[in-house]
Amino acid sequence: MKRGRYQDVPTERLPGKAAPEARQLRKRAGDWLKLRRADAELSQADLAARLGLKYYTFISQVENGFSRVPTEIMGAWANELGLEQAAFARHLLMYYEPELYRLLFGAESK
């Protein structure tokens, strides 16, 4: 019998950050992203257009902590903000996956 794509994913909650804390961390990441966008003198609509996004409201969702920068466009997002890709991804990892950040870099997350 063929397994579905997500059948091996456990349904119980894994130990780690509680949902409200994860939301707060995403909001802090969003605040950082908003500052970087302002530094680049881009509106949300400008950034969305440069990233090829259909709706600029996605930028708002990320900046307000309701969503994350998708891994697939992290490099392009960094480029549009004039930031080095690896440093950009590493900084976001600190907020999005603090335990993984700690394991990889041996530092406390923010």
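Each residue takes its place number in the sequence, starting with 1. If you're wondering where the values come from, they're calculated on a predicted model, not measured in any experiment.
- Evaluation of the ring-ring contact (aromatic ring centres under 6.0 Å, His included) test over residues 48-70, restricted to residues two or more places apart or in two chains, returns none.
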- Task: Kindly determine whether I59 and L33 satisfy side chain to side chain contact (heavy atoms under 4.5 Å, CB included), including the steps that lead there.
- Result: CA-CA 9 Å; I59 305 297; L33 287 164; over 6 Å; no
Please list every donor-acceptor pair under 3.5 Å in which a side-chain atom of residues 34-42 meets a protein atom from a residue at least two apart or in another chain.
from : atom 1 : to  : atom 2 : distance (Å)
R36  : NE     : D39 : OD2    : 3.3
R36  : NH2    : D39 : OD2    : 3.0
R37  : NE     : E63 : OE2    : 2.6
R37  : NH1    : L42 : O      : 2.8
R37  : NH2    : E63 : OE1    : 3.0
R37  : NH2    : E63 : OE2    : 3.4

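- Counting heavy atoms from C-beta outward, L53 and L47 have side chains that stay 4.5 Å or more apart.
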For residues 73-80, tabulate all N or O donor-acceptor pairs below 3.5 Å that involve a side-chain atom, not counting sequence neighbours.
from : atom 1 : to  : atom 2 : distance (Å)
N79  : OD1    : Q85 : NE2    : 3.2
N79  : ND2    : G75 : O      : 3.4
E80  : OE1    : R50 : NH1    : 3.3

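- A search for salt bridge (Lys or Arg N to Asp or Glu O under 4.0 Å) contacts involving D31 returns K27, not counting sequence neighbours.
- Between the CG atom of L92 and the CZ atom of R90 there is a distance of 12.5 Å, given to the nearest 0.5 Å.
- By the 30° and 60° cut-offs, the orientation of the rings of Y95 relative to H91 is perpendicular.
- Legend: residues meeting side-chain hydrogen bond (donor to acceptor under 3.5 Å, both in side chains) with S60, ordered by chain and number and at least two apart, are N64.
- Legend: residues meeting side chain to side chain contact (heavy atoms under 4.5 Å, CB included) with R68, ordered by chain and number and at least two apart, are R26, Y96, E97.
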